[in-house]
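The next block holds one structure in the form of structure tokens; read it before the comments.
Numbers restart at 1 for each chain; the letters A, B, ... are given by sequence-line order, proteins then strands. Here the structure is a predicted model, which means the values were calculated and not measured.
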Amino acid sequence: MQIARDILLRSYRSMRTIREFEERLHVEFATGEIPGFVHLYCGEEASGVGVCAHLTDTDTIASTHRGHGHCIAKGVGVDGMMAEIYGRQTGVCRGKGGSMHIADLSLGMLGANGIVGGGPPLICGAALSHKTLKDGAVAIAFYGDGASNEGSTLESLNLATVWNLPAVFVVEDNGYGEATGSSYACAGNQKDRAAGFGMPYFECDGNDFFSVYQTAGEAISHARNGNGPAMVHVHLARWYGHFEGDAMTYRAEGEVAELRADHDCLVNFRRRVTEAGLLEAAALDDVDMAVKDAVEAAVVAAKAAPLPVEDDLLKDVYVSY
Amino acid sequence: MSRKSFRQSINEALRQEMRRDPRVILMGEDVAGGRGGTSGVKDAWGGVLGVTKGLLTEFGEDRVLDTPITEASYIGAAAGAAATGLRPVAELMFVDFVGCCLDQIMNQAAKFRYMFGGKARTPLVIRAMYGAGFNAAAQHSQALYPLFTHIPGLKVVVPSSPYEAKGLLIEAIRDDDPVIFLENKVMYDDEEDVPDDPYTIPFGEANLTREGDDVTIVAFGRMVKFANEAADRLAKDGISCTVIDPRTTSPLDTGTILDCVADTGRLVIVDESSPRCNLATDVAALVAEEAFDALKAPIRRVCPPHTPVPFATVLENLYVPNTEKIVAAVRSVASYRMKEEA
Ligand SMILES: Cc1ncc(C[n+]2csc(CCOP(=O)(O)OP(=O)(O)O)c2C)c(N)n1
Ligand SMILES: [Mg+2]
């Protein structure tokens, strides 16, 4: 597989940005300054980035409560995201939505989602738009192993096949829905679910950007070429609790430490591209530094940004009144 | 009697009813937690905010059932189990998730009794968290009790304190109809003296938390606390208020509300739910219809604006009714003079 240098660099930057953003949020959340619920995507970066590397702004994605990574992978800027998470007027959603509702429709980002299983039906609709408007775009639903059990998700798999939609269902299987393991909660398996709805099934290693990139590429081409929906099952792991504040007593001791040590998608990526001579370590170091500065700047700006004002409360309930 | 939090009161009510009646079972997402986990730790969460912690240990996996994330099917299963011999308490976590399972509540459980000509009993309790104040944003902060109140066949409970929560939950579990039991998520750490033994508080009997001559305040759930604070503050200025906690919105204790309004002639209603077609409009209509002659001032409603719940703290604080807004509303009706009086 040949991946152009600019795609590799862009993807690395995206993954590093997600990592830095989330690690920083983990620290900032502990200070008590960040309101509400925060669900971190640390450890899962290669999935969002490996999928979105095949997309343009015309393509649509729907995300989940664990949405920061998908937003960054789809091109939403960290300044607006950070400000949103801090509840500032300069946030991408003007402080009205917060972490769980970051959205930017101009980038084809149909929103993080507070409702598990909220995204897949919306993606059927987005795919219908793309198909009807013949814009050549695809629509991607990211959802978790937990969400794979919602009726709304299963109904969407059916509808997407019935309507032959350019939709891709990306199951991000981190083995848990909150504090419950998918070995308990998911009957059967994702592969048979895809088969049950008559769509092709692809599987990949979510700790490995190249695995995700290659696999998602095939699934997305399938959908983009008018062959109907496909499912991509990404095996990955989350490094932090379900939300910030979760003590994770349901996970074996050392589980996360081992993941960090041996299954870090960023370390894997760096090793692979430097060993193969695709990118130089110095270029990656430059990205690391630039990303660190960008996230730092986003935090500083967010903390200094103006709060929403009373007028904002009543604005934007409707387009017209 | 001992000091208990709202959280402990609910846990104790569940525990005592499960001991009393083996048909009482619990189900919901992570009501225990830890199943399928790699550490083997059971009861890892005991509910997302720890309300059902410890029940798995005492009652086991046959009676404390963790569900997949699949509200339509487990809420429906709870309804079906209720109609066939069990007495399930299903936890919906955030009441907002009713969007995923309303059919099973609205078209199924609520209607069995009537639609089947009085032949069914559906002793189902659905517990859920409601309310703003947690920066949980638009999809995790709604106060949806009017939605359920609107549906004939459902009983709807909105407890205002730890004492109320325990007695009303035990009543709910023993009741033979489907009951929606809504817990305000910012109240779980509130504490007060609560009896250790089981007790029930009947549905449809309001509680007067303050008694006064000038203004009647009807408040629901967490708003009762704010109404009490407002009444205490106003008492210092010589305005005495009656505060009514209806406890249940369905059935609604219309008699107590009308009696109090007959005495005071002035009414303020405090309701945390969206202002259109909510409990405040319902009570206002009741009083306008049944106690028109007693009124000495227009009825005032203290409600949030007709918007989704915003995320940012500043906006959320503006959104939720509070003590200051209640004080202002009471003052305005207390100082109101009819034209002919003036
Ligand atoms: C309809 C609905 N039910 C329950 C929840 C509470 N909840 C939020 S995230 C979550 C777990 C989701 O698990 P999964 O889909 O595997 O995603 P992950 O958190 O692992 O990324 C649950 C149960 C919700 N937000 N919406
Ligand atoms: Mg998961």
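- Looking at B:Cys101, there are no atoms closer than 4.5 Å to chain A (heavy atoms on both sides), in backbone or side chain.
- Residue A:Gly87 comes nearest to B:Ala312 through the heavy atom pair O-CB, 3.4 Å, listed as atom of the first residue, atom of the second, then distance.
- Of the atoms belonging to A:Asp316, not a single heavy atom falls under 4.5 Å from chain B.
- The minimum heavy-atom distance linking B:Ala137 with A:Gly97 is given by the pair CB-O, 3.4 Å.
- Interface summary for chain B: among A:Asp246, A:Leu154, A:Thr153, the most heavy-atom pairs under 4.5 angstrom belong to A:Asp246.
- In this structure, OH in B:Tyr74 is found 12.5 Å from CG in A:Asn149, a value given to the nearest 0.5 Å.
- In this structure a side-chain-to-backbone donor-acceptor pair under 3.5 Å is present from A:Tyr184 to B:Asp66.
- Atom-to-atom distance recorded for B:Ile69:CD1 and A:Asp145:CG is 7.5 Å, nearest 0.5 angstrom.
- Counting non-hydrogen atoms of neighbouring residues, nucleotides and ligands closer than 6.0 angstrom, the NE2 atom of B:His150 reaches no more than 12 such neighbours.
- Counted by atom type alone, B:Asp30 and A:Thr180 present one or more donor-acceptor pairs between their side chains at under 3.5 Å.
- Comparing A:Ala179, A:Ser182, A:Cys186 by heavy-atom pairs within less than 4.5 Å of chain B, the highest count is held by A:Ala179.
- Within 6.0 Å of CZ on A:Arg94 lie no more than 12 heavy atoms contributed by other residues, nucleotides or ligands.
- Counting heavy atoms from C-beta on, the side chains of B:His306 and A:Tyr318 come closer than 4.5 Å.
- Contacts between A:Ile34 and chain B at a heavy-atom distance below 4.5 Å are absent for every atom of the residue.
- For the pair B:Thr38 and A:Tyr250, the minimum side-chain heavy-atom distance is 4.5 Å or more.
- Taking a 6.0 Å sphere around NZ of A:Lys303, one finds it holds more than 12 heavy atoms contributed by other residues, nucleotides or ligands.
- We find the OH-CG distance between B:Tyr319 and A:Leu313 to be 9.0 Å, quoted to the nearest 0.5 Å.
- Most heavy-atom pairs under 4.5 Å with chain A: of the set B:Ala32, B:Ala138, B:Gly34, this distinction falls to B:Gly34.
- Heavy-atom pairs under 4.5 Å with chain B peak, among A:Lys96, A:Gln89, A:Arg88, A:Lys315, at A:Lys96.
- The greatest number of non-hydrogen atom pairs below 4.5 Å with chain B, out of A:Ser183, A:Gly95, A:Gly98, A:Pro35, is found for A:Pro35.
- Residues A:Phe37 and B:Asn135 have side chains not in contact (no heavy-atom distance under 4.5 Å, counting atoms from C-beta outward).
- Looking at A:His65 and B:His140, their side chains never come closer than 4.5 Å, going by heavy atoms from C-beta outward.
- When heavy atoms are compared at a cutoff of 4.5 Å, B:Thr307 approaches chain A by way of both its backbone and its side chain.
- For chain B, the nearby parts of A:Glu150 are the backbone and the side chain; heavy atoms of each come within less than 4.5 Å.
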Run the side-chain contact (heavy atoms from CB on, under 4.5 Å) check on B:Gln139 and A:Met100 step by step: do they pass?
CA-CA 9 Å; B:Gln139 296 175 340; A:Met100 265 195 297; over 6 Å; no
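- Contact annotation for B:Ala72: neither backbone nor side-chain heavy atoms come within less than 4.5 Å of a heavy atom of chain A.
- B:Phe311 contributes atom CZ, which lies 10.5 Å from atom SG of A:Cys93 (distance to the nearest 0.5 angstrom).
- Applying the 6.0 Å contact sphere to CG of A:Asp262 captures more than 12 heavy atoms from other residues, nucleotides or ligands.
- No more than 12 heavy-atom neighbours from other residues, nucleotides or ligands sit within 6.0 angstrom of NZ on B:Lys42.
- No side-chain heavy atom of A:Thr249 sits less than 4.5 Å from a side-chain heavy atom of B:Ser39.
- When heavy atoms are compared at a cutoff of 4.5 Å, B:Glu71 approaches chain A by way of both its backbone and its side chain.
- B:Trp45 has its ring centre less than 6.0 Å from the ring centre of A:Phe243.
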